[in-house]
Amino acid sequence: KAKNNNAGGAEMIDVSEGGLYLSPSGITFKVLHKAKHGQDCSLPMIVYTNIEKTHDRDAGEVWVISESLFLKLFRDAFE
């Protein structure tokens, strides 16, 4: 489960492998693992999958996004 990582100001989550998160559209995604960008290993990436159908993809699609963007867009599914 994600933890609040920011005592003051906006809530910041810690992304955990196996954790469930909601996209801005309310679809549930599961983090498969953390990774590094192939061209810049200092850039943390999140590899995740949709556990329910999106408007244009079946469940089980694999997605990759930078960790910083994931943190801006997604929220803990249980908060």
Side-chain angles (χ1 to χ4, degrees):
K1 183 175 175 178
K3 301 178 290 187
N4 187 338
N5 193 28
N6 188 1
E11 182 176 337
M12 179 66 89
I13 59 173
D14 288 329
V15 179
S16 59
E17 293 182 3
L20 298 177
Y21 301 89
L22 293 178
S23 70
S25 61
I27 297 171
T28 305
F29 288 81
K30 179 179 181 179
V31 171
L32 300 175
H33 59 269
K34 295 181 179 183
K36 300 291 183 190
H37 191 280
Q39 299 296 315
D40 181 355
C41 64
S42 69
L43 181 60
M45 306 293 288
I46 301 295
V47 180
Y48 60 109
T49 186
N50 52 312
I51 62 172
E52 57 190 270
K53 184 175 174 36
T54 68
H55 71 279
D56 62 350
R57 296 287 185 218
D58 290 332
E61 187 79 25
V62 176
W63 310 78
V64 180
I65 193 172
S66 69
E67 184 177 49
S68 62
L69 189 54
F70 187 92
L71 290 170
K72 289 178 186 174
L73 296 175
F74 288 79
R75 69 183 196 279
D76 188 322
F78 299 106
E79 299 268 324

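- Ile27 and Leu71 fall within a single hydrophobic cluster, where Ile, Leu, Val, Met, Phe, Trp and Tyr side chains are chained together by heavy-atom contacts under 4.5 Å.
- Here the rule is side chain to side chain donor-acceptor pair (under 3.5 Å) with Thr54, and of Asp58, Asp56, Asn50 only Asp56 fits it.
- Hydrophobic clustering (ILVMFWY, side-chain heavy atoms < 4.5 Å, transitive): Val47 and Leu43 are in one cluster.
- With Phe74 as the fixed residue, the ring-ring contact (aromatic ring centres under 6.0 Å, His included) test singles out one of Tyr21, Trp63, Phe29: Phe29.
- A continuous path of Ile, Leu, Val, Met, Phe, Trp and Tyr side chains, each step under 4.5 Å between heavy atoms, connects Leu73 with Val15, placing both in one hydrophobic cluster.
- Counting only distance, with no hydrogens or angles, the side chain of Thr28 and the backbone of Leu22 share no donor-acceptor pair below 3.5 Å.
- Heavy-atom minimum distance, Arg75 versus Ser23: NH1-O, 4.0 Å.
- The nearest pair of heavy atoms linking Tyr48 to Val31 is CB-CA, 3.9 Å.
- Here the CD atom belonging to Glu17 is positioned 9.0 Å from the CG atom belonging to Leu32, to the nearest 0.5 angstrom.
- How far OG of Ser16 is from CG of Asp76: 7.5 Å, rounded to the nearest 0.5 Å.
- Note on residues 29-46: pairs passing side chain to side chain donor-acceptor pair (under 3.5 Å), not counting sequence neighbours, are Asp40-Ser42.
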